[in-house]
2 protein chains.
Amino acid sequence: MNTEPAVAITARRASRQRTAVSAYLTRRTTFASAQEIHAALRESGEPVGLATVYRALQAMVEDGELDALRTDDGETVYRRCGTSHHHHLVCRECGRTVEVEAPDVERWATAVAAQHGFGDVVHTLEIFGVCDRH
Amino acid sequence: MNTEPAVAITARRASRQRTAVSAYLTRRTTFASAQEIHAALRESGEPVGLATVYRALQAMVEDGELDALRTDDGETVYRRCGTSHHHHLVCRECGRTVEVEAPDVERWATAVAAQHGFGDVVHTLEIFGVCDRH
DNA sequence: CCTGGACATGAGAATCATTATCAGGTGGCC
DNA sequence: GGCCACCTGATAATGATTCTCATGTCCAGG
């Protein structure tokens with residue numbers, strides 16, 4: 001009999017590299033791409049292989065520690081996040097990001113979906129603008 | 001004095017290739033990727049170069065004839081669309097798509113942005129679910 | 001502590017969508 | 001018909017991400 005959860009979360013093992021990636025994202029408050037993180041760590045004298053950065057980021061996203069989000073030009077960017085469901089308000093000039101909750105939107109999305117006979121609903125919502133420091 | 005609109009829309013010229021791409025998207029009701037369109041046209045005996053498909057799609061998006069949307073796995077998919085601002089409710093099983101309007105969400109997004117001092121706001125919102133034919 | 005083996009790393013190759021190049025082709029206005 | 005700006009398509013280039021595989025290293029159990 002299988003008593004494992006449907007999606008097993010593989011055990012993670014600590015390592016200098018993962019710690020470095022994690023620490024970098026703790027210091028940083030805006031979204032960062034894998035390439036950026038890789039370059040920054042290399043520069044700060046904590047070299048980590050690019051593939052390793054990608055693996056660390058993937059793992060953290062799976063574990064719900066990070067939000068991932070695709071930019072227009074096809075890069076995926078990451079940012080530490082709170083645990084509850086939320087959306088982002090991002091300044092397109094400086095990257096400053098505010099996490100916002102939108103219970104009404106959640107309700108609306110579910111309702112509209114139901115109205116059209118859709119179930120098992122997820123949604124994406126991001127807001128971009130220019131913040132008052134610009 | 002410059003009387004041109006800020007973003008000039010370059011003149012388009014008709015051609016068998018553009019017509020083919022356009023016609024394909026008229027027949028089709030779900031989102032399609034450039035690669036898919038390219039393969040489908042080739043198969044139906046109206047070969048069009050891949051680069052040309054990309055160019056045609058880009059042009060149509062600029063002209064507001066198409067909606068473009070990035071999938072999780074990094075492909076951009078296109079679909080003919082109405083002219084007014086709207087969002088999509090997409091079945092992740094069959095791709096069936098419903099265009100929905102969300103005036104409340106628009107207002108909400110603008111308000112939240114303003115609250116945090118953000119201006120010049122745009123937003124993205126897509127809903128994915130499973131439709132009742134599954 | 002010591003060790004085995006599962007897990008992690010990293011350099012480079014591979015993938016894959018998209019974009020750039022550039023030498024010809026062709027709409028459409030005169 | 002003729003001009004020429006715009007189009008096309010084969011192919012190369014790009015760039016992010018993933019894969020490969022040989023080697024390193026956590027850490028539970030002894």
Side-chain angles (χ1 to χ4, degrees), chain A residues 4 7-25 30-63 65-79 95, chain B residues 4 7-25 30-63 65-79 95:
Chain A
E4 294 296 307
V7 176
I9 294 199
T10 332
R12 312 289 179 204
R13 189 176 280 178
S15 78
R16 174 183 68 76
Q17 291 86 339
R18 296 209 172 178
T19 306
V21 172
S22 179
Y24 180 78
L25 282 169
T30 57
F31 281 94
S33 71
Q35 310 272 352
E36 262 181 293
I37 297 170
H38 176 247
L41 291 179
R42 161 159 308 195
E43 192 149 330
S44 73
E46 293 195 283
V48 177
L50 182 55
T52 302
V53 171
Y54 275 103
R55 279 185 292 239
L57 291 172
Q58 255 175 222
M60 295 173 82
V61 168
E62 269 172 37
D63 294 352
E65 290 178 57
L66 297 185
D67 284 337
L69 146 55
R70 240 175 223 283
T71 64
D72 278 349
D73 55 331
E75 263 191 64
T76 303
V77 290
Y78 304 86
R79 178 174 181 276
Chain B
E4 293 298 303
V7 177
I9 294 198
T10 333
R12 313 287 180 204
R13 189 176 282 179
S15 77
R16 174 184 67 77
Q17 292 87 338
R18 296 210 171 173
T19 306
V21 171
S22 179
Y24 179 78
L25 282 169
T30 57
F31 281 94
S33 71
Q35 310 272 351
E36 263 180 289
I37 296 170
H38 176 247
L41 291 179
R42 161 158 311 197
E43 192 149 331
S44 74
E46 293 195 284
V48 176
L50 182 55
T52 302
V53 171
Y54 276 103
R55 280 185 291 237
L57 292 172
Q58 256 175 220
M60 294 173 81
V61 169
E62 269 172 36
D63 294 351
E65 289 177 57
L66 297 184
D67 284 337
L69 147 54
R70 237 173 226 285
T71 64
D72 278 351
D73 56 332
E75 258 192 356
T76 304
V77 289
Y78 304 86
R79 177 175 181 276

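Below, chains carry the letters A, B, ... as their sequence lines are ordered, and counting in each starts from 1. These figures come from a predicted structure and were not determined experimentally.
Nearest heavy-atom pair, A:Phe31 versus A:Leu69, reported as atom, atom and distance to 0.1 Å: CZ-CD2, 3.5 Å. The nearest pair of heavy atoms linking B:Ser33 to B:Glu75 is CB-OE1, 3.5 Å. In terms of heavy atoms, A:Val48 sits closest to A:Arg16 at CG2-NH1, 4.3 Å. Nearest approach of B:Ser15 to B:Thr19, heavy atoms of both residues: O-OG1, 2.8 Å. Between B:Leu50 and B:Ala34, the shortest heavy-atom contact is CD1-O, 4.4 Å. Heavy-atom minimum distance, B:Val61 versus B:Ala68: CG2-CB, 4.1 Å.
The closest donor-acceptor contact from the side chain of A:His38 to the backbone of A:Gly49 lies at 3.5 Å or more, if one exists at all.
Here the C1' atom of nucleotide C:dA11 and the CZ atom of A:Arg42 are 10 Å apart, to the nearest Å. One interatomic measurement links the two molecules: CD of A:Glu75 to P of D:dG15, which rounds to 11 Å at whole-angstrom precision. Atom CG in A:Asp72 sits about 14 Å away from atom P in C:dT18, given to the nearest Å. Summarising the geometry, the separation between CG on B:Leu69 and P on C:dT18 is reported as 12 Å, rounded to the nearest angstrom. The distance between atom CD of A:Glu46 and atom C1' of C:dG10, rounded to the nearest whole Å, is 16 Å. Rounded to an integer number of Å, the gap from B:Arg18 CZ to D:dC7 C1' is 7 Å.
No hydrogens or angles considered: nothing links the side chains of B:Gln17 and B:Thr52 as a donor-acceptor pair under 3.5 Å.
A salt bridge does not link A:Glu65 with A:Arg12: every distance from a Lys NZ or Arg NE/NH1/NH2 to an Asp or Glu carboxylate oxygen is 4.0 Å or more.
Scanning residues 53-61 of chain B for heavy-atom distances under 4.0 Å to DNA chain C yields B:Tyr54, B:Arg55, B:Gln58. A heavy atom lying under 4.0 Å from DNA chain D marks none of the residues of residues 30-41 of chain B.
Residues A:Leu57 and A:Thr76 fail the side-chain proximity criterion, which asks for heavy atoms closer than 4.5 Å.
Applying the ring-ring contact (aromatic ring centres under 6.0 Å, His included) rule to A:Tyr24 yields no partners; only residues at least two apart in sequence or on another chain are considered. A:Tyr54 pairs by the ring-ring contact (aromatic ring centres under 6.0 Å, His included) definition with nothing, not counting sequence neighbours.
Terminal axes of the helix from C:dC1-D:dG30 to C:dC30-D:dG1 (five pairs each, C1' rotation axis) are separated by 30°, to the nearest 10°.
For C:dT18, one of the phosphate oxygens OP1 or OP2 lies less than 4.0 angstrom from a side-chain nitrogen or oxygen of B:Thr76. For C:dG10, one of the phosphate oxygens OP1 or OP2 lies less than 4.0 angstrom from a side-chain nitrogen or oxygen of A:Gln17.
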Please list each protein N or O that sits under 3.5 Å from an N or O in nucleotides 24-27 of chain D, with the distance.
{"from": "D:dC26", "atom 1": "O2", "to": "A:Arg13", "atom 2": "NH1", "distance (Å)": "3.4"}

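Rounded to the nearest 0.5 Å, atoms CD (A:Gln58) and OH (A:Tyr78) are 7.0 Å apart.
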